[in-house]
Amino acid sequence: MTNDQIVDTLNDLIETSKDGEQGFNACAKHVTSSELKSLFIQRAVECQRAAAELQPFVLQYGGKPEQSGSVAGALHRGWVAVRDSLTGYSDEAVLEECERGEDTALARYRKALKEDALPSALRAVIERQLIGVQRNHDQVKLLRDQHKATL
């Protein structure tokens with residue numbers, strides 16, 4: 001794997017983390033439950049830390065670290081805002097969109113780990129971060145399912 005390929009992979013994950021940070025912050029603004037609001041703010045901070053952890057590796061491999069989310073992430077957050085305005089920002093709708101965002105994050109992390117020639121130290125960081133992404137996804141899905149069951 002060339003340094004350019006490593007930088008591209010890392011910057012994709014940085015964008016993913018930035019998307020998660022912005023997405024969780026947006027979700028926190030739109031939920032009525034203080035428990036969900038607190039959870040989403042906490043998850044946004046974790047996503048911010050994940051991006052910050054990857055940025056020095058980009059520099060190490062001769063690249064320039066991404067500083068913002070992706071266009072797809074911005075479009076997703078925009079779609080969330082449109083959908084929420086139509087559904088009255090229900091907690092269930094926010095949880096559904098949050099889960100969809102985490103589906104995308106999981107896919108991007110799994111794709112990165114399919115790179116066979118990824119340096120082992122970097123692979124270990126990405127694998128650890130993937131565990132956090134999976135935890136976020138599973139928790140959001142559980143909360144969504146619990147919310148649906150109470151209706």
Side-chain angles (χ1 to χ4, degrees), residues 5-58 65-116 118-151:
Q5 291 170 314
I6 292 170
V7 166
D8 288 346
T9 298
L10 289 171
N11 274 332
D12 185 56
L13 295 179
I14 291 168
E15 284 182 346
T16 299
S17 294
K18 293 290 188 178
D19 289 345
E21 176 189 357
Q22 294 165 10
F24 279 124
N25 279 328
C27 288
K29 290 178 186 174
H30 297 306
V31 291
T32 57
S33 162
S34 60
E35 178 184 327
L36 287 177
K37 187 176 296 287
S38 177
L39 172 76
F40 290 149
I41 290 169
Q42 178 185 359
R43 294 297 183 249
V45 169
E46 290 171 7
C47 289
Q48 179 184 34
R49 287 183 188 140
E53 181 179 27
L54 295 174
Q55 288 170 332
F57 287 105
V58 173
E66 286 294 331
Q67 298 297 320
S68 63
S70 67
V71 172
L75 291 173
H76 173 73
R77 287 185 303 280
W79 192 88
V80 170
V82 169
R83 178 176 171 178
D84 285 346
S85 69
L86 297 175
T87 61
Y89 295 111
S90 76
D91 286 0
E92 181 181 348
V94 172
L95 284 164
E96 286 175 358
E97 287 312 308
C98 189
E99 182 185 3
R100 200 167 75 97
E102 289 304 287
D103 286 342
T104 300
L106 277 173
R108 290 173 93 177
Y109 268 85
R110 288 175 179 153
K111 178 183 173 193
L113 287 171
K114 286 183 181 177
E115 299 290 344
D116 293 331
L118 203 58
S120 60
L122 196 50
R123 177 176 294 283
V125 171
I126 294 169
E127 286 173 345
R128 182 177 40 76
Q129 287 189 0
L130 172 62
I131 292 168
V133 173
Q134 184 70 59
R135 183 201 64 229
N136 289 347
H137 176 274
D138 293 348
Q139 186 174 29
V140 167
K141 184 178 186 300
L142 176 67
L143 290 168
R144 188 222 44 213
D145 290 347
Q146 288 173 344
H147 186 77
K148 279 185 174 181
T150 63
L151 297 179

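Please read all numbers here as calculations on a predicted model, not as lab measurements. By convention here, the first residue in the shown sequence is residue 1.
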So how far is it from [X] [atom1] to [Y] [atom2], rounded to the nearest 0.5 Å?
{"X": "Leu95", "Y": "Ser90", "atom1": "CG", "atom2": "OG", "answer": "8.5 Å"}
{"X": "Leu130", "Y": "Leu106", "atom1": "CG", "atom2": "CG", "answer": "6.5 Å"}
{"X": "Asn136", "Y": "Cys47", "atom1": "CG", "atom2": "SG", "answer": "6.0 Å"}
{"X": "Glu21", "Y": "Gln48", "atom1": "CD", "atom2": "CD", "answer": "4.5 Å"}
{"X": "Leu143", "Y": "Phe40", "atom1": "CG", "atom2": "CZ", "answer": "7.0 Å"}
{"X": "Asp103", "Y": "Glu97", "atom1": "CG", "atom2": "CD", "answer": "10.5 Å"}

With [X], which residues qualify under side chain to side chain donor-acceptor pair (under 3.5 Å), at least two apart?
{"X": "Gln134", "value": "Arg110, Asp138"}
{"X": "Glu115", "value": "none"}
{"X": "Thr9", "value": "none"}
{"X": "Asp12", "value": "Arg108"}

Taking only residues two or more places apart in sequence or in another chain, which ones pass side-chain contact (heavy atoms from CB on, under 4.5 Å) with [X]?
{"X": "Arg49", "value": "Val45"}
{"X": "Pro56", "value": "none"}
{"X": "Gln42", "value": "Glu46"}

Under the salt bridge (Lys or Arg N to Asp or Glu O under 4.0 Å) rule, collect the residues that match up with [X], sequence neighbours excluded.
{"X": "Arg128", "result": "Glu53"}
{"X": "Glu99", "result": "Arg144"}
{"X": "Lys141", "result": "Asp145"}

So side-chain hydrogen bond (donor to acceptor under 3.5 Å, both in side chains) across residues 31-40, not counting sequence neighbours, yields Thr32-Asp91

Please examine the side chains of [Y] and [X], heavy atoms only from C-beta on, and report whether any two atoms are closer than 4.5 Å.
{"X": "Leu36", "Y": "Val94", "value": "no"}
{"X": "Tyr109", "Y": "Ile131", "value": "no"}
{"X": "Lys148", "Y": "Glu96", "value": "yes"}

With side-chain contact (heavy atoms from CB on, under 4.5 Å) as the test, would you mind laying out the steps for Leu122 and Leu10 before giving the verdict? CA-CA 9 Å; Leu122 196 50; Leu10 289 171; 3.6 Å; yes

Check [X] against [Y] and note the closest heavy-atom contact, atom names and distance.
{"X": "Ala28", "Y": "Ile41", "answer": "CB-CG1, 3.7 Å"}
{"X": "Leu13", "Y": "Ala112", "answer": "CD1-CB, 3.8 Å"}
{"X": "Ile14", "Y": "Ala51", "answer": "CG1-O, 4.0 Å"}
{"X": "Ala44", "Y": "Asn25", "answer": "CB-OD1, 3.3 Å"}

Evaluation steps, side-chain contact (heavy atoms from CB on, under 4.5 Å), between Leu54 and Gln129: CA-CA 10 Å; Leu54 295 174; Gln129 287 189 0; 3.4 Å; yes

